[in-house]
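Encoded as structure tokens, the structure appears first; notes follow it.
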Amino acid sequence: MTKRWWRDAVVYQIYPRSYRDTNGDGVGDLRGITQSLDHLEWLGVDCLWLNPIMPSPNTDWGYDVSDYCDVHPELGTLDDFDELIREADRRGIRVLNDLVPNHTSDMHAWFKDARMSKDSKMRDRYVWADPKPDGSAPNNWMSQFGGPAWALDETTDQYYLHLFLPTQPDLNWWNDDVAVAFDEILRFWFDRGVAGFRLDVCHAVVKDKDLRDNPPATEDDPPQVRGRGQKSIYDMNRPEVHDVLRRWRRIARKYEPERLLVGETYVWDLQSLIAFYGKRNDELQLAMNIPFVHSRFDAGRLSTIVDNMESGLPRSGWPVWMGSNHDADRLATRWCDDDERKVRCALMMLLTLRGTPLLGYGDEIGLPNVTLTERQLRDPVGMRFWPAYPGRDPGRTPMQWKSGAGAGFTAPDVTPWLPFGHPSRCNIADQKSNPRSVLHLTRDLIALRREETDLRTGTYSHRASPDGTWVYNRGKRFVVALNMSDDVAKIPRVRGKVRVSTERDRDDSSFSGGLVLEPWEGVVVERP
Ligand code: GLC
Ligand code: CA
């Protein structure tokens, strides 16, 4: 076991409500994950990241936590969780939990107490402010989910801050009681055997002490910032957030092996992203690269993001790459327009870049987004912005284990909490019996990565290649060539043996004198 095991690992994200239902209520549960470990072991993943499993009123599906030290009853019990950890450990699989430190649920005992009076001992655990003289909100901050970030609480006639839903009041990280309480929460789960945390909106936990207005966006801001009309420099990305991350890392370091902190670092510029690794490698071990996920599936754009990360990140840092998650939908649809050739290229890219690959559940079979009707929506963001934006449900639908009613996710006569797509078109069982399937490609790429040190930790260097293609060396022995275009591409000066090709027809064949790639074809080549 290496000390920095996550550098060698492939991480697999599970949305627990949508993985496997064992008690016929249409909702996935922890036992369902435990029962799926054979699949995950067969696939070869090393680590699971579970979306929040803690008790929650589910106004934001687990991201509104009402108790940080328990399991949501629909998902199971702490005993079920312990069993999952034990069974996963037996197979060499680690488990990361999702931690939500930016806000609690309004049903959390702290907030229920805090809102009762200005003198509550819990009051200062949240961010309260008086209305402006005209009664309006204290400043111009906006909720990430639309509208103002402030809600007036009539009992005490003050506003409280919510960067997300009004049912998700923001914690006040200037209050040491909050920090101390979270130290305990971290230890609670670390002691139970979790390998680390994915830290929800961790770039935002600390707010400007003076609650200053955000300045307006300017023309040189990225489109996402311009779209919001203001730069989030006072409600997020404060310098003091780094103190909080250092504090958590100190706790993580007390464990053996060191616990992993993966941050949801929702920032658009590289310098801010890199800062989350800490000046002395003393903050996050992995910081999610948001521009990468949200990029188009375009060789020029993606390789520029990767090249910049490669040259900007200090040697002590390590990248993490993903194409799907529970907010951004599935790569099969968003990047690949449900074109299987593109899905194969995307998986080859993710599994051969230098950095930790993070696959979403279903990526291994190229599971597409599911189109929902308005009535089927469960995500508050989709309900608010429908039909302009259907929200995040299309990428949160149940795993498709086999064809037929229930899709192997739940009993045949049960209605799942979110609808299936087309299980007969895309499912684990059918792909498992077909060695040329996307599932086998994923598994073979993971296996190759395990086998070949160069593919895990070897250097990355971008080679010159025609437009629409992306070719890089990994270590001394490997070249990865991806044709991310609709035209046949000629890649000069590559020779060797194809270890894995996206369509599988060239596996183990040798070639010299240049490489010709079909549209949306990729190969991993071992040099002579
Ligand atoms: C993060 C989560 C998202 C959630 C939000 C509020 O962005 O990934 O799903 O809605 O935080 O907690
Ligand atoms: Ca269930």
Side-chain angles (χ1 to χ4, degrees), residues 13-36 49-54 56-66 68 71-77 80 84 96-106 108 142-146 149 161-171 197-205 224 232 235-236 262-267 287-288 290 293-294 322 324-329 358 360 378-385 389 391-396 398-399 406 408-411 414-418:
Q13 178 190 4
I14 291 182
Y15 198 75
R17 296 183 67 83
S18 288
Y19 207 55
R20 197 194 286 272
D21 169 26
T22 59
N23 62 347
D25 62 357
V27 176
D29 40 57
L30 293 182
R31 287 187 176 189
I33 300 172
T34 306
Q35 287 181 17
S36 308
W49 149 34
L50 311 184
N51 286 99
I53 59 164
M54 297 154 189
S56 164
N58 280 336
T59 60
D60 190 23
W61 300 108
Y63 285 98
D64 46 331
V65 176
S66 54
Y68 286 89
V71 170
H72 186 70
E74 265 181 315
L75 303 178
T77 62
D80 294 334
L84 168 59
L96 305 176
N97 266 0
D98 211 315
L99 185 69
V100 189
N102 180 68
H103 46 266
T104 70
S105 160
D106 61 341
H108 193 289
M142 285 156 55
S143 159
Q144 297 299 306
F145 291 164
L161 180 70
H162 60 89
L163 290 190
F164 296 90
L165 298 173
T167 51
Q168 295 169 297
D170 277 54
L171 286 162
F197 283 114
R198 178 266 190 188
L199 299 165
D200 190 56
V201 282
C202 69
H203 58 290
V205 296
Q224 299 75 12
S232 272
D235 60 340
M236 295 185 173
V262 189
E264 188 207 17
T265 40
Y266 224 99
V267 294
M288 289 178 177
I290 297 300
V293 195
H294 289 280
M322 64 184 168
S324 301
N325 66 46
H326 65 290
D327 293 326
D329 296 346
L358 207 164
R378 311 299 294 265
D379 174 21
V381 183
M383 295 181 193
R384 174 164 182 147
F385 293 105
Y389 171 56
R392 301 166 294 178
D393 293 319
R396 294 177 175 182
M399 183 64 162
F409 165 75
T410 187
V414 172
T415 309
W417 81 291
L418 280 176

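Each ligand, and each atom within it, is numbered from 1 in the order the structure gives. Each residue takes its place number in the sequence, starting with 1.
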When the ring planes of H326 and Y15 are compared, do they come out parallel, tilted or perpendicular, using 30° and 60° as the limits? parallel
Closest approach of any protein heavy atom to atom 2 (C) of ligand 1, naming residue and atom: D200 OD1, 3.0 Å
With a cutoff of 4.0 Å, is R392 in contact with ligand 1, counting heavy atoms of the residue only? yes
Among all protein heavy atoms in this structure, tell me which lies nearest to atom 5 (C) of ligand 1, with the distance rounded to 0.1 Å. F164 CE2, 3.7 Å
Quick check: closest heavy atoms across W61 and R378, and the distance to 0.1 Å? NE1-O, 2.6 Å
Number the atoms of ligand 1 from 1 as they appear, then name those within less than 4.0 Å of a heavy atom of R396, with their elements. 9 (O)
Within the stated cut-off of 3.0 Å, is an N/O/S atom of T410 closer than that to the Ca ion (ligand 2)? no
Would you check whether Y266 reaches within less than 4.0 Å of ligand 1, judged by its heavy atoms? no
Of the listed options (R198, E264, H103), which comes nearest to atom 7 (O) of ligand 1 when hydrogens are ignored and any heavy atom counts? E264
Taking only heavy atoms of D60, which atoms of ligand 1 are found under 4.0 Å from at least one of them? 4 (C), 5 (C), 6 (C), 10 (O), 12 (O)
From the Ca ion (ligand 2) out to just under 3.0 Å, does an N/O/S atom of D29 turn up? yes
Applying salt bridge (Lys or Arg N to Asp or Glu O under 4.0 Å) to R392 and D379, what does each step give before you reach the verdict? CA-CA 6 Å; R392 301 166 294 178; D379 174 21; 2.9 Å; yes
Which atom, among the N/O/S set of D21, is closest to the Ca ion (ligand 2)? OD1
Any luck finding a side-chain donor-acceptor pair between D64 and T167 under 3.5 Å? no
Of all N/O/S atoms in D25, which lies nearest to the Ca ion (ligand 2)? OD1
Need the ligand 1 atom indices (1-based, order shown) with element for anything under 4.0 Å from a heavy-atom of H326. 2 (C), 3 (C), 8 (O), 9 (O)
Please state which part of F145 comes within less than 4.0 Å of ligand 1, counting heavy atoms only: side chain, backbone, both or neither. side chain
Out of curiosity, is M288 lining ligand 1, as in a heavy atom under 4.0 Å away? no
Checking the side chain of T265 only, and the main-chain atoms of M288 only, is there a donor and an acceptor separated by less than 3.5 Å? yes
Report yes if the side chains of R198 and E264 come closer than 4.5 Å at any heavy-atom pair, otherwise no. yes
The Ca ion (ligand 2) to V27: any N/O/S contact under 3.0 Å? yes
Output, in order, the C-alpha distance, side-chain angles, deciding distance and verdict of ring-ring contact (aromatic ring centres under 6.0 Å, His included) for F145 and H162. CA-CA 10 Å; F145 291 164; H162 60 89; 9.6 Å; no
So, do R17 and E74 sit near enough that their side-chain heavy atoms are less than 4.5 Å apart? yes
Quick check against the 3.5 Å criterion: does T410 have a side-chain atom that pairs as donor or acceptor with the backbone of G406? no
Heavy-atom pair with the smallest gap, counting every atom of D29 and V27: OD2-O, 3.4 Å
Which residue and non-hydrogen atom of the protein lie closest to atom 8 (O) of ligand 1, and at what distance in Å? D327 OD2, 2.5 Å
